[in-house]
Number of protein chains: 2
Amino acid sequence: MLSYTEENYLKAIYHLSGAGERPVLTNELAETMQTKPASVTDMVKKLSAKNLIAYEKYYGVNLLKQGKLQALQIIRKHRLWETFLVNKLGFTWDEVHEVAEQLEHIQSGLLIEKLDKFLEYPTVDPHGHPIPDPSGKIKEVKQIPLADFPAYKKCTIRAVKNGSPSFLQYLSKIGIYIEASVSIVDKVEFDGSLEVSIDNKKRVFISREAAQNLMVTG
Amino acid sequence: MLSYTEENYLKAIYHLSGAGERPVLTNELAETMQTKPASVTDMVKKLSAKNLIAYEKYYGVNLLKQGKLQALQIIRKHRLWETFLVNKLGFTWDEVHEVAEQLEHIQSGLLIEKLDKFLEYPTVDPHGHPIPDPSGKIKEVKQIPLADFPAYKKCTIRAVKNGSPSFLQYLSKIGIYIEASVSIVDKVEFDGSLEVSIDNKKRVFISREAAQNLMVTG
DNA sequence: ATTATTTTTTAGGTTAATCTAAACTTTTAT
DNA sequence: ATAAAAGTTTAGATTAACCTAAAAAATAAT
Ligand SMILES: [Mn+2]
Ligand SMILES: [Mn+2]
Ligand SMILES: [Mn+2]
Ligand SMILES: [Mn+2]
């Protein structure tokens, strides 16, 4: 049984490592965990002793099979709870993350099973992020940033990359949402900003940075 | 902001004190908290320093206004979550307590507000226990143990007193549930056991002890 | 190839929540 | 009223998760 803190470390390592692909360094982990490098060293030793990660002094940590599985279970819970909060309780997509950070640590297999069923087995959360299945498998869909999509061609908004509340609120305000059908109608060479048509009904200007955080499929 | 442990202590003090009526002694608190008296002494000093309880050395603790309010907020959350688990997720009434013990500590006013609305403002939980309103007020309804109810008169099962999973499972098995209409059709002088008619359809024998744990209204 | 800078680890402490063992109060029994 | 028993508190440790400051290793700059 993992502690609340251990679970959060595993989750952070998963995200920072790109789903377990690259090693994660002490300082970046300290940064995301909002703690000091010395504390991180303590914790990675502990997780390493539990065979959840491989720790090599001065060279960072890598997720091991068990650690990755645990991380995925927590992410699964997080995203199911976010889906619940939006779909059933009427939260907006910018309000759910903080609460889900707490709910993801509730220990009950039965609860998650029943929650999943109640939500009718969703595959993505309110931010378009995939929900791992009970065994930790993720259905990957190839998405590219709107910033890299060709102009004048229709595409569908599938997910946000950076899901900060302020970005999400901004998107809602200008009328961009998951599943919206959009196309780039103008591109400013100078700064990469775009004019985007939404559902053939509305046109908005967004910065390159915003367009890099919107993931689409053709 | 209270810690997880502080919240659990306040809740235990609330229940052991009969909603704040009597003082609670160190040993009984140690018993329910599954800890040692020495640890309890430490914690009650802390809660006392926060003005949540009044602690008198060797004579136990009494809930203060703020402590009682906090306890009631936690109980409110516990019971709303139990209601959610049964009414929305399809848990049985014997499965919910443990999970609610965890969920009651989630910190989000908005969440509880929206959960309450989603459940359509329930007044009692799956065990018939009243759900305090947002300000901590409880709508008390006078109930008496079935064991003390006169024979041959109809009454309604309103709540269980001891809600242990095994008792709840037993009640389900013999067909007793909250809101069932029952009457005592026979009383054995020797051991106080009863024959009970349920909904005029079924008759079951229950012990005095069981009858003392079933709360009814006439 | 040294030296300087950055990154990471180690050493030694702190706080919350626990524990055991010993000391102290209160209650009960003689 | 005194002694025994029961209940409670204090003293001193332990563990998890953190910290600061100093030491060590890796990386970058001259
Ligand atoms: Mn989130
Ligand atoms: Mn999300
Ligand atoms: Mn309960
Ligand atoms: Mn209950």
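The chains referred to below are lettered A, B, ... by the order of the sequence lines, with proteins before strands, and numbering in each begins at 1.
Cation-pi geometry between B/Lys88 and B/Phe118 is met: under 6.0 angstrom from the ring centre, within 45 degrees of the axis. Figure legend: cation-pi geometry between A/Lys114 and B/Phe91, with NZ or CZ positioned under 6.0 Å from the six-membered ring centre and within 45° of its axis.
Between B/Asn27 and the phosphate of D/dT8, there is a side-chain N or O to OP1/OP2 separation shorter than 4.0 Å. Under 4.0 angstrom from either OP1 or OP2 of C/dA16 there lies no side-chain N or O belonging to B/Thr5. Listed pair A/Thr26 / C/dT9 meets the phosphate criterion, a side-chain N or O lying under 4.0 Å from OP1 or OP2.
Against DNA chain D, the stretch residues 52-60 of chain A makes heavy-atom approaches under 4.0 Å through A/Tyr58, A/Tyr59.
As a whole-Å value, the separation of B/Leu29 CG from D/dG7 P is 15 Å. The nearest whole Å value for the distance from the CG atom in A/Leu25 to the C1' atom in C/dT6 is 12 Å. In this structure, CD of A/Glu31 is placed 16 Å from P of C/dT6, rounded to the nearest angstrom. Nucleotide C/dA16 holds its P atom 13 Å from the CG atom of B/Leu2, rounded to whole Å. Atom C1' of nucleotide D/dT8 and atom NZ of B/Lys45 are separated by 10 Å, given to the nearest angstrom.
For the residue pair A/Thr217/A/Arg158, the side-chain donor-acceptor check at 3.5 Å is satisfied. Under 3.5 Å, the side chains of A/Gln169 and A/Ser166 contain no donor-acceptor pair of N or O atoms.
Within the 4.5 Å cutoff, the side chain of B/Thr32 has heavy atoms near those of the B/Leu16 side chain. Between B/Thr41 and B/Tyr55, some side-chain heavy-atom pair lies under the 4.5 Å cut-off.
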Where do N or O atoms of nucleotides 19-21 of chain D meet protein N or O atoms at under 3.5 Å, pair by pair?
| from | atom 1 | to | atom 2 | distance (Å) |
| --- | --- | --- | --- | --- |
| D/dC19 | OP2 | A/Thr35 | OG1 | 2.7 |
| D/dC19 | OP2 | A/Lys36 | N | 3.1 |
| D/dC19 | OP2 | A/Ser39 | OG | 2.5 |

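Here the rule is side-chain contact (heavy atoms from CB on, under 4.5 Å) with B/Leu214, and of B/Ile178, B/Ile176, B/Asn162, B/Ile144 only B/Ile176 fits it. Just one of A/Gln70, A/Glu101, A/Gln73 meets the side chain to side chain donor-acceptor pair (under 3.5 Å) condition when paired with A/Lys11; it is A/Glu101.
Pairs passing the ring-ring contact (aromatic ring centres under 6.0 Å, His included) check and including a residue from residues 69-90 of chain A, sequence neighbours excluded, read A/His78-A/His97, A/Trp81-A/Phe84, A/Phe84-B/Phe84.
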